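Note sheet for the following structure.
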Amino acid sequence: MKARKILFPTDFSPFGQEALRWATALARDSDATLIIVHVEEPPMSYGGGEVFIGAEEGDREELRKSLVKIIPSDAKVPFEHKLLVGDPATVLVEAADEENADLIVLGTHGRTGLTRLLMGSVAEAVVRRAKCPVLVVKHPSPLPTES
């Protein structure tokens, strides 16, 4: 099967860089378009619906500027950027459906134990809910230094 569209979500962390390398290589080898997505979480609100914390328009512009800096390392790979808002896992699965993505390639922070329990795993939720295949790329461990 040859992918036509590959969705690559980014949270701008170093964990995504290795996943971007994989997504770029797969897109290049499949002649696919890379859809580079960042999902901004919506403002938090209290029970009455009043907004507590939300992104200012200036913050959204900063996110856009950060997003357009994420590009494939191979200039021949076609790509586009999307800045979306919502619950990251839900929005990523919906974006993959809307784009008819053939594959999602995402990095993982590799959290375990209590941190994972408290924070959840976007990667795990995407794997469980996505209709298309998902490649989860674990950030490589740093190489040991020589003495």
Side-chain angles (χ1 to χ4, degrees), residues 1-45 51-56 58-146:
M1 178 181 117
K2 221 174 174 184
R4 294 180 320 277
K5 287 188 179 181
I6 297 174
L7 190 80
F8 169 71
T10 180
D11 63 358
F12 308 119
S13 74
F15 300 97
Q17 292 306 309
E18 185 67 16
L20 178 58
R21 284 192 278 279
W22 278 89
T24 298
L26 291 166
R28 180 194 61 230
D29 295 348
S30 300
D31 295 321
T33 298
L34 196 55
I35 312 294
I36 303 169
V37 177
H38 176 74
V39 180
E40 176 188 2
E41 293 194 60
M44 293 176 13
S45 64
V51 173
F52 175 58
I53 300 173
E56 299 292 326
D59 293 339
R60 185 161 289 133
E61 189 54 37
E62 287 303 313
L63 285 174
R64 281 189 192 100
K65 287 178 183 176
S66 296
L67 182 59
V68 298
K69 291 178 184 174
I70 308 292
I71 59 171
S73 55
D74 187 330
K76 295 176 186 167
V77 172
F79 65 94
E80 58 189 73
H81 292 103
K82 292 192 178 286
L83 179 58
L84 305 172
V85 178
D87 170 67
T90 301
V91 170
L92 291 173
V93 170
E94 289 170 355
D97 288 347
E98 290 168 11
E99 290 289 339
N100 293 314
D102 300 293
L103 178 66
I104 300 171
V105 179
L106 70 152
T108 181
H109 291 257
R111 292 184 184 106
T112 59
L114 185 60
T115 305
R116 180 163 173 239
L117 180 65
L118 294 174
M119 298 183 72
S121 168
V122 171
E124 182 180 357
V126 170
V127 167
R128 290 179 186 275
R129 298 184 210 162
K131 294 176 186 168
C132 65
V134 179
L135 173 62
V136 179
V137 179
K138 185 177 176 183
H139 188 268
S141 300
L143 295 173
T145 56
E146 294 182 348

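Residues: numbered from 1 along the sequence shown. Bear in mind that the values here come from a model prediction, so they are computed numbers and not experimental data.
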Using distance only, find each side-chain donor-acceptor pair of residues 77-84 under 3.5 Å and give its atom names and separation, not counting sequence neighbours.
{"unit_1": "His81", "atom_1": "NE2", "unit_2": "Leu67", "atom_2": "O", "d": "3.1"}
{"unit_1": "His81", "atom_1": "NE2", "unit_2": "Ile70", "atom_2": "O", "d": "2.7"}
{"unit_1": "Lys82", "atom_1": "NZ", "unit_2": "Glu99", "atom_2": "OE2", "d": "3.2"}

Checklist outcome for this item: One should read off an interatomic distance between Lys69 NZ and Ile36 CD1, to the nearest 0.5 angstrom, of 14.5 Å

Checklist entry - Is any side-chain N of the basic residue among Lys5 and Asp102 closer than 4.0 Å to the acidic one's carboxylate O? => result no

Checklist entry - Would a 4.5 Å heavy-atom cut-off, applied to side chains only, mark Val127 and Val136 as touching? => result yes

Item to check | Pairing residues for Asp29 by the side-chain contact (heavy atoms from CB on, under 4.5 Å) criterion, not counting sequence neighbours | outcome: none

Next on the checklist: Nearest 0.5 Å, please: how far is CZ in Arg64 from OG in Ser66?
Outcome noted: 11.5 Å

Checklist outcome for this item: Residues Ala32 and Ala3: closest non-hydrogen pair is CB-O, 3.3 Å

Item to check | Beyond-backbone contact of Val85 with Val91, side-chain heavy atoms, under 4.5 angstrom | outcome: no

Next on the checklist: Would you compute the distance between atom CZ of Arg21 and atom OG1 of Thr24 and round it to the nearest 0.5 angstrom?
Outcome noted: 9.5 Å

Checklist entry - Of the non-hydrogen atoms in Leu34 and Pro72, which two are nearest, and what is the gap between them? => result CD2-CG, 3.9 Å

Next on the checklist: So which atom in Ala23 and which in Ile6 form the shortest heavy-atom distance, rounded to 0.1 Å?
Outcome noted: O-CD1, 4.2 Å

Checklist outcome for this item: Distance col, row Leu103:CG vs Phe8:CZ, nearest 0.5 angstrom, shows 12.0 Å

Item to check | Candidate pair Val37 and Thr10, rule side chain to side chain contact (heavy atoms under 4.5 Å, CB included), full reasoning | outcome: CA-CA 6 Å; Val37 177; Thr10 180; over 6 Å; no

Next on the checklist: Are Val137 and Val105 packed together at the side-chain level, in the sense that at least one heavy-atom pair is separated by less than 4.5 angstrom?
Outcome noted: yes

Checklist entry - Does the side chain to side chain contact (heavy atoms under 4.5 Å, CB included) test come out yes or no for Val122 and Asp11, once each step is laid out? => result CA-CA 11 Å; Val122 171; Asp11 63 358; over 6 Å; no

Checklist outcome for this item: Taken to the nearest 0.5 Å, the spacing of Lys131 NZ from Asn100 CG works out to 10.0 Å

Checklist entry - At what distance, to the nearest 0.5 angstrom, does CG of Leu135 lie from CG of Leu26? => result 6.5 Å

Item to check | Heavy-atom closest pair, residues Leu92 and Pro9 | outcome: CD2-CB, 3.6 Å

Next on the checklist: Show the nearest heavy-atom pair for residues Ala96 and Cys132, with the distance to one decimal.
Outcome noted: CB-SG, 4.4 Å

Item to check | Arg4 atom CZ, neighbour heavy-atom count above 12 within 6.0 Å | outcome: no

Checklist entry - Any side-chain heavy atom of Glu40 sitting closer than 4.5 Å to one from Arg60? => result yes

